[in-house]
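The block underneath contains the structure these notes are about, expressed in structure tokens.
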2 protein chains.
Amino acid sequence: MKETKPSPAGDLRVAESFRRWVAMPVDQASCPVRDVLDRLGEKWVTLLVMALVERPRRFSELFRLVPDISKRSLTQALRSLEQDGIVTRHVFPTTPPAVEYRLAPLGATMLEPLAAMIAWAEDNHGRIRAARRRYAAAEAKRSGASGSASS
Amino acid sequence: MKETKPSPAGDLRVAESFRRWVAMPVDQASCPVRDVLDRLGEKWVTLLVMALVERPRRFSELFRLVPDISKRSLTQALRSLEQDGIVTRHVFPTTPPAVEYRLAPLGATMLEPLAAMIAWAEDNHGRIRAARRRYAAAEAKRSGASGSASS
DNA sequence: CAGAATCCGTAACGATACTG
DNA sequence: CAGTATCGTTACGGATTCTG
């Protein structure tokens with residue numbers, strides 16, 4: 001526990017990345033962590049990437065597939081992904097027009113790390129929910145011990 | 001293209017996850033992708049995890065380390081991580097009080113997938129920026145071809 | 001069908017001032 | 001030192017309407 005760290009693997013790399021981050025200018029654009037990770041954090045982005053893995057999809061298909069997105073947000077997220085070269089957009093000049101979204105090569109390269117994050121999320125969802133319940137319980141005890149429950 | 005897919009690795013897993021996702025109720029809490037990934041998308045969360053990899057840090061230390069966060073957001077992000085069992089919070093009853101944040105065991109397990117995502121972001125930041133420039137150029141051409149530049 | 005444009009509510013975030 | 005409380009802004013995102 002006090003000797004050379006086990007460093008299961010990612011530790012060193014993450015620590016290094018953070019050191020690079022600290023040494024960086026604050027500006028958004030030049031920092032991968034801010035610039036890229038923030039994008040992936042946008043509400044529907046990763047979900048849409050997931051939706052495009054199997055095969056290209058049309059706009060309305062994605063719209064149906066993700067039941068609670070608005071057309072506006074769907075358009076925005078797809079534009080965002082298109083801008084970054086994660087997906088490509090193909091317009092078929094039919095009437096009415098059909099538009100197909102397809103995972104670009106660059107998008108395909110992110111499936112591996114994305115799969116790892118998703119797997120982690122699925123594996124640990126139960127633990128996280130349990131932790132939240134514990135936290136809520138402890139919080140209730142703190143405010144319940146000397147006063148009345150609030151909020 | 002029409003035979004057994006190459007599936008560089010993550011593809012199948014992501015596609016499977018998406019199928020599970022589609023089959024899920026829409027509610028936020030029961031879905032790992034929504035419930036967990038959305039959390040990690042919160043603005044400072046992953047950055048703070050990165051900051052805690054090497055060693056525990058005190059509140060003011062984190063505050064200095066991340067130059068453009070507000071105390072309010074720092075507190076919120078740390079609470080969020082504490083709730084989910086990603087970090088633990090230790091209060092030393094000195095005067096003035098010292099508070100230390102430390103990566104919890106659960107938090108340590110996410111370093112591996114997080115490192116993969118960060119590495120991807122760093123490796124492809126250049127490509128992404130290039131894609132954005134191309135997109136902007138194409139956009140300028142579209143509106144410049146028959147009208148005047150806007151925005 | 002695939003969007004663009006408009007309107008609007010909410011929630012996230014920052015800045016500041018105050019507290020144990 | 002480590003927060004909390006309050007305020008104000010902004011930006012995200014949903015609902016709706018209009019268009020080629």
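Convention: sequence-line order gives letters A, B, ...; per-chain numbering from 1. Everything numeric here is computed off the predicted structure, so don't read it as measured data. Side chains are part of it too, since the values below use all heavy atoms of this structure and drop only hydrogens, waters and symmetry mates.
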### Task
Counting heavy atoms from C-beta on, name the nucleotide in D:dA2, C:dC1, C:dG3 closest to the side chain of A:Pro96.
C:dC1

## Note on the structure
As a check of understanding: the bend across the helix from C:dC1-D:dG20 to C:dG20-D:dC1, end axes from five pairs, rounded to 10 degrees, works out to 40°

#### Entry: Where B:Ala98 and B:Thr94 come nearest, the two heavy atoms and their spacing
N-OG1, 3.6 Å

### Task
Using a cut-off of strictly less than 4.0 Å, decide whether A:Ser70 has a side-chain nitrogen or oxygen near OP1 or OP2 of D:dA15.
no

### Task
To the nearest Å, give me how far apart CD (A:Glu139) and C1' (D:dT4) are.
14 Å

### Message
Testing the basics here: between B:Val14 and A:Ala115, what is the closest heavy-atom pair and its distance to 0.1 Å?
### Response
CG2-CB, 3.6 Å

### Message
I need the CD-P distance between B:Glu61 and D:dG3, as an integer number of Å.
### Response
13 Å

### Protein-nucleotide distance (A:Leu78, atom CG; D:dG13, atom P), rounded to Å
13 Å

#### Entry: Phosphate contact (D:dG3 OP1 or OP2) by B:Arg89 side-chain N/O below 4.0 Å
yes

### Task
Test for a donor-acceptor pair under 3.5 Å between the base of D:dG13 and the side chain of A:Lys43, counting only N and O atoms.
no

### Length of the CD-C1' vector between A:Glu42 and C:dA12, whole Å
14 Å

### Task
Please test A:Arg132 against B:Asp35 for salt bridge (charged side-chain N to carboxylate O under 4.0 Å, His left out), starting from the C-alpha separation and ending with a verdict.
CA-CA 12 Å; A:Arg132 283 181 198 165; B:Asp35 202 33; 2.9 Å; yes

### Message
Less than 4.0 angstrom between a side-chain N/O of B:Arg79 and OP1 or OP2 of D:dG3, yes or no?
### Response
yes

### Query
Could you state the CZ-C1' distance from B:Phe59 to D:dA2, rounded to the nearest angstrom?
6 Å

### Query
Step by step, would you call B:Thr109 with A:Asp123 a side chain to side chain contact (heavy atoms under 4.5 Å, CB included)?
CA-CA 11 Å; B:Thr109 66; A:Asp123 291 347; over 6 Å; no

## Note on the structure
In this structure, OG of A:Ser80 is separated from CH2 of A:Trp44 (nearest 0.5 Å) by 14.5 Å

### Query
Which pairs count as ring pair (Phe, Tyr, Trp, His ring centres under 6.0 Å) when at least one residue sits in residues 18-43 of chain B, sequence neighbours excluded?
B:Phe18-B:Trp21

### Task
Using a cut-off of strictly less than 4.0 Å, decide whether B:Arg72 has a side-chain nitrogen or oxygen near OP1 or OP2 of D:dA5.
no

### Message
Less than 4.0 angstrom between a side-chain N/O of B:Ser73 and OP1 or OP2 of C:dG14, yes or no?
### Response
yes

### Query
What's the spacing between A:Gln76 CD and A:Ser70 OG if we round to 0.5 Å?
7.5 Å

### Task
Round to the nearest Å and state the distance from A:Gln76 atom CD to D:dC12 atom P.
8 Å

### Message
Side chain of B:Ile69 only, heavy atoms from C-beta on: which candidate in C:dG3, C:dG14, D:dT4 is closest?
### Response
C:dG14

### Phosphate-side-chain proximity, A:Tyr101 and C:dG3, N/O vs OP1/OP2 below 4.0 Å
yes

### Task
Establish, with yes or no, whether the OP1 or OP2 oxygen of D:dA2 is under 4.0 angstrom from a side-chain nitrogen or oxygen of B:Arg58.
yes

### Nucleotide C:dA12, atom P - distance to CG of B:Leu40 in whole Å
15 Å

## Note on the structure
Rounded to the nearest 0.5 angstrom, the CZ-CZ distance for B:Arg34 and B:Arg39 is 15.5 Å

### Query
Once you round it to whole Å, what is the distance between P of D:dT6 and NZ of B:Lys71?
16 Å

